[in-house]
Protein chains: 2
Amino acid sequence: MATIKDVAKKAGVSVATVSRAINDKGYVHEDTRKLIDEAIRELNYKPNEVARSLFNKKSRLIGLILPDIRNPFFPELARGVEDEMQAHGFRLIIGNADEQLDKEIDYIETFKLNNVIGLISASTNAVLSQYKSLSFPLVLLDRTSEEHPSVHADGYAGGRLAARELVNRGSSRITLLKGPVEFQTARDRFKGAVDELYSANVEFDVMTTASFAFQEAEYWAKELFEKYPDTDGVIASNDVVAAAIIHEAHRVGKKMPEELQIIGFDDIPFSQFLYPALSTIRQPAYDMGREAAKLLIKQINGEKLESKRIQLPVQFIERQTTRKGDHHD
Amino acid sequence: MATIKDVAKKAGVSVATVSRAINDKGYVHEDTRKLIDEAIRELNYKPNEVARSLFNKKSRLIGLILPDIRNPFFPELARGVEDEMQAHGFRLIIGNADEQLDKEIDYIETFKLNNVIGLISASTNAVLSQYKSLSFPLVLLDRTSEEHPSVHADGYAGGRLAARELVNRGSSRITLLKGPVEFQTARDRFKGAVDELYSANVEFDVMTTASFAFQEAEYWAKELFEKYPDTDGVIASNDVVAAAIIHEAHRVGKKMPEELQIIGFDDIPFSQFLYPALSTIRQPAYDMGREAAKLLIKQINGEKLESKRIQLPVQFIERQTTRKGDHHD
DNA sequence: TTGAAAGCGCTACCAT
DNA sequence: ATGGTAGCGCTTTCAA
């Protein structure tokens with residue numbers, strides 16, 4: 001690979017001048033610049049990012065930590081981040097924490113040691129001391145905390161919405177699945193649903209699903225019908241769990257949506273292909289990713305953030321696991 | 001962040017000695033080492049990867065290029081790669097090419113400029129000249145070429161198997177979906193199915209699905225039933241497409257598996273949750289990822305590769321979109 | 001407008 | 001067994 005020295009030699013100038021030329025800093029004569037551009041092109045020169053990074057203590061790399069790359073919600077977030085970053089000349093490197101604390105810590109460490117210029121984390125353990133001692137900006141995605149800027153969907157409204165739709169469509173013995181308690185987002189959804197159910201004066205049971213992951217979703221589904229065989233409406237903790245419940249409902253012979261209504265959360269691409277197609281509360285994952293990226297870029301550029309906590313609206317997506325409602329809103 | 005200088009000062013030795021100590025190279029007295037370890041711990045020193053990388057022209061980073069992070073097959077590959085790499089002290093950075101050539105090129109460039117020590121690519125355009133001029137080893141994953149070591153599943157056998165199962169279970173007007181022609185893997189599957197169908201002397205139509213992606217899957221499904229309304233057996237190009245077909249089949253009122261059998265390819269986690277649960281040809285994605293990682297690590301360590309093309313077996317997963325067969329194998 | 005030189009943090013060579 | 005030092009490729013003073 002050609003270095004800046006090669007370029008300098010070829011153009012007959014010093015490396016300092018070349019450096020100024022590439023970075024558009026300080027003076028460089030028009031003619032000299034031409035010479036340099038020419039040399040760069042001929043040698044197909046690309047500045048060595050590592051050397052730059054060593055000097056600047058900043059690369060052009062952005063780290064993104066995902067808690068579980070297998071849950072389709074997160075790849076969608078990643079795409080939003082990616083597209084926005086790409087448009088601004090930053091490069092994204094993704095780390096999959098696999099819901100394991102040590103992996104997450106490893107990735108943070110890797111990102112630090114490789115001089116990322118910023119970090120977006122959609123992962124579990126934002127409370128971690130690891131996140132405090134960062135020398136670069138951090139944005140929380142699909143998570144919140146007091147200390148860091150964040151982007152998340154309105155889980156509380158989502159919870160209320162899910163409950164309201166279910167009630168309006170006639171479920172009266174509702175089972176509310178509560179996601180992992182560590183997640184603020186999961187708690188928000190839960191609280192929203194509880195509040196709505198209380199105020200509508202509808203009976204409901206609560207079951208905790210201690211994870212959002214695939215492997216366990218089936219287990220939660222089985223447990224659900226064992227514990228609450230009479231339930232006629234389920235508010236699932238996310239679409240993956242909802243998918244498992246639909247599957248199990250078929251197995252135990254429940255008719256959907258006649259005998260059992262189900263509402264998911266997320267609206268992952270697969271939900272439309274389920275049978276019956278899953279009604280769900282949609283989080284605008286792609287947009288959330290983009291917003292998080294924008295927030296991070298602002299910080300990198302040293303701009304003031306007008307809002308540190310960006311909350312995006314959710315939306316009820318009506319499909320086939322809910323009945324036609326008589327409501328109007 | 002503490003540097004090697006700080007450690008040296010604190011331990012009262014030279015940086016050279018510290019360097020030798022951390023890297024276990026050359027002599028360093030037991031007592032000195034203790035001093036150094038002590039200093040490292042007190043300062044919480046971590047060697048700066050960027051500086052190391054600048055000198056060595058090698059980082060500990062492995063690049064992984066995925067063609068489409070939204071197709072659940074690829075995250076599964078990624079996890080295999082990740083786990084194996086982690087066990088060997090390498091760090092994985094994932095790039096999502098999003099099936100776009102320029103993004104793929106960008107990622108290769110980023111990886112180069114950040115001195116990755118090796119690259120695994122599951123992406124489209126392995127033919128690219130970009131892949132030729134690499135200064136670090138490359139392993140192709142879910143792809144093959146003559147020039148580079150690769151790991152892939154036995155698509156040909158998979159195609160045969162899919163066709164055989166469908167025929168044995170009584171489909172006689174089969175529609176064979178052919179994936180994107182650029183992919184050797186897609187061509188292999190196709191060829192396998194064609195060969196089997198010919199030798200079984202069964203009628204079949206061919207429809208090309210020019211992508212594996214979600215957004216288009218629904219379109220292929222609709223096209224399928226418009227063009228071939230009488231088909232009673234579909235060999236889908238992958239599970240995502242199969243999911244869309246199941247969905248569409250419900251819409252047009254086809255009973256599965258009685259009137260229509262479907263076989264997918266991949267066995268992504270979601271397939272078990274479809275209704276009817278999808279029968280499919282399973283690729284051992286996680287293992288493929290691990291094997292690719294092993295292959296890359298061997299190359300990095302300069303070991304000879306006994307086999308450059310690793311082919312993993314596929315397997316028929318019987319679920320509900322195929323009828324009970326009368327066959328025995 | 002340009003260039004010489006120092007230095008980012010680390011490793012490796014060569015002395016000692 | 002240890003240390004001084006050059007140099008990886010780049011940017012940035014500072015002088016010219």
Side-chain angles (χ1 to χ4, degrees), chain A residues 1-40 43-61 109-117 135-136, chain B residues 1-40 43-61 109-117 135-136:
Chain A
M1 270 231 167
T3 74
I4 198 172
K5 247 186 190 160
D6 302 326
V7 176
K9 191 177 294 176
K10 180 145 218 152
V13 298
S14 77
V15 292
T17 307
V18 177
S19 175
R20 261 177 268 123
I22 352 183
N23 296 296
D24 266 327
K25 279 185 185 162
Y27 299 96
V28 35
H29 192 91
E30 198 46 44
D31 297 349
T32 329
R33 165 155 282 147
K34 281 221 182 67
L35 251 41
I36 293 174
D37 286 349
E38 174 72 13
I40 289 180
L43 295 169
N44 188 27
Y45 167 75
K46 301 262 169 47
N48 180 323
E49 288 287 342
V50 176
R52 280 187 154 173
S53 167
L54 178 59
F55 184 91
N56 295 322
K57 312 202 185 265
K58 289 279 168 237
S59 68
R60 334 187 64 205
L61 297 176
E109 202 60 44
T110 301
F111 290 160
K112 272 190 199 168
L113 297 179
N114 286 282
N115 283 356
V116 297
I117 190 173
S135 59
F136 42 79
Chain B
M1 270 229 166
T3 74
I4 197 171
K5 247 184 188 162
D6 302 326
V7 176
K9 191 178 296 176
K10 180 142 217 154
V13 297
S14 77
V15 293
T17 307
V18 177
S19 175
R20 260 177 270 123
I22 1 185
N23 297 296
D24 266 326
K25 278 183 186 165
Y27 297 96
V28 33
H29 192 92
E30 198 44 46
D31 299 349
T32 328
R33 165 157 283 147
K34 280 220 181 68
L35 250 41
I36 294 174
D37 285 350
E38 175 73 11
I40 289 180
L43 295 170
N44 189 28
Y45 167 75
K46 302 262 168 48
N48 181 323
E49 288 288 341
V50 176
R52 280 187 156 174
S53 167
L54 179 60
F55 183 90
N56 295 321
K57 313 200 184 269
K58 290 280 168 235
S59 68
R60 334 186 65 205
L61 297 176
E109 202 60 44
T110 300
F111 290 161
K112 272 189 199 170
L113 296 180
N114 287 282
N115 282 355
V116 297
I117 191 173
S135 58
F136 42 79

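Here the C1' atom of nucleotide C:dC8 and the CG atom of A:N48 are 13 Å apart, to the nearest Å. The separation between A:K58 atom NZ and C:dG9 atom P is 13 Å, rounded to whole Å. Taking atom NZ of A:K5 as the reference point, atom P of C:dA5 lies 13 Å away to the nearest angstrom. Straight-line distance from the CG atom of B:L54 to the P atom of C:dA12: 13 Å, rounded to whole Å. Across the protein-nucleic acid pair, A:I4 atom CD1 and D:dC8 atom P stand 13 Å apart, rounded to whole Å. Across the protein-nucleic acid pair, A:Y45 atom OH and D:dG9 atom P stand 10 Å apart, rounded to whole Å. In this structure, CZ of B:F55 is placed 13 Å from P of C:dC10, rounded to the nearest angstrom. Remark: P of C:dT2 and NZ of A:K9 are 20 Å apart, rounded to the nearest angstrom.
Between A:V15 and A:I4, the shortest heavy-atom contact is O-CD1, 3.8 Å. In terms of heavy atoms, B:I36 sits closest to B:A21 at CD1-CB, 3.8 Å. Among all heavy-atom pairs drawn from B:I117 and B:F136, the shortest one is O-CB, 3.6 Å. In this structure, A:A51 and B:L54 approach most closely via the heavy-atom pair CB-CD1, 3.7 Å.
Among the protein residues, B:V13 comes within range of the sugar-phosphate backbone only, with heavy atoms under 4.0 Å from sugar or phosphate atoms but none that close to a base. A:T3 comes within contact range of the sugar-phosphate backbone alone, with a heavy-atom separation under 4.0 Å but no base atom that close.
Residue A:V15 places its side chain closer to C:dA5 than to any other of C:dA12, D:dG9, C:dA5.
For DNA chain C, the residues of residues 24-32 of chain A within the heavy-atom distance limit of 4.0 Å (strictly under) are A:Y27, A:V28, A:H29, A:T32, sorted by number.
One distance of note links CG of A:D37 with CD1 of A:I22; it measures 10.0 Å at 0.5 Å rounding.
Every residue meeting the side-chain hydrogen bond (donor to acceptor under 3.5 Å, both in side chains) condition with B:E38, not counting sequence neighbours, appears here in chain and number order: B:R41.
At C:dT2, none of the side-chain N or O atoms of A:S14 fall inside 4.0 Å of OP1 or OP2 (strictly under the cut-off). Close to C:dT11, at under 4.0 Å from its OP1 or OP2, lies no side-chain N or O of B:R20. In terms of phosphate contacts, A:T17 brings no side-chain nitrogen or oxygen within less than 4.0 Å of OP1 or OP2 of C:dT2.
The backbone N or O of B:V50 lies less than 3.5 Å from a partner atom in the side chain of B:N48, making a donor-acceptor pair.
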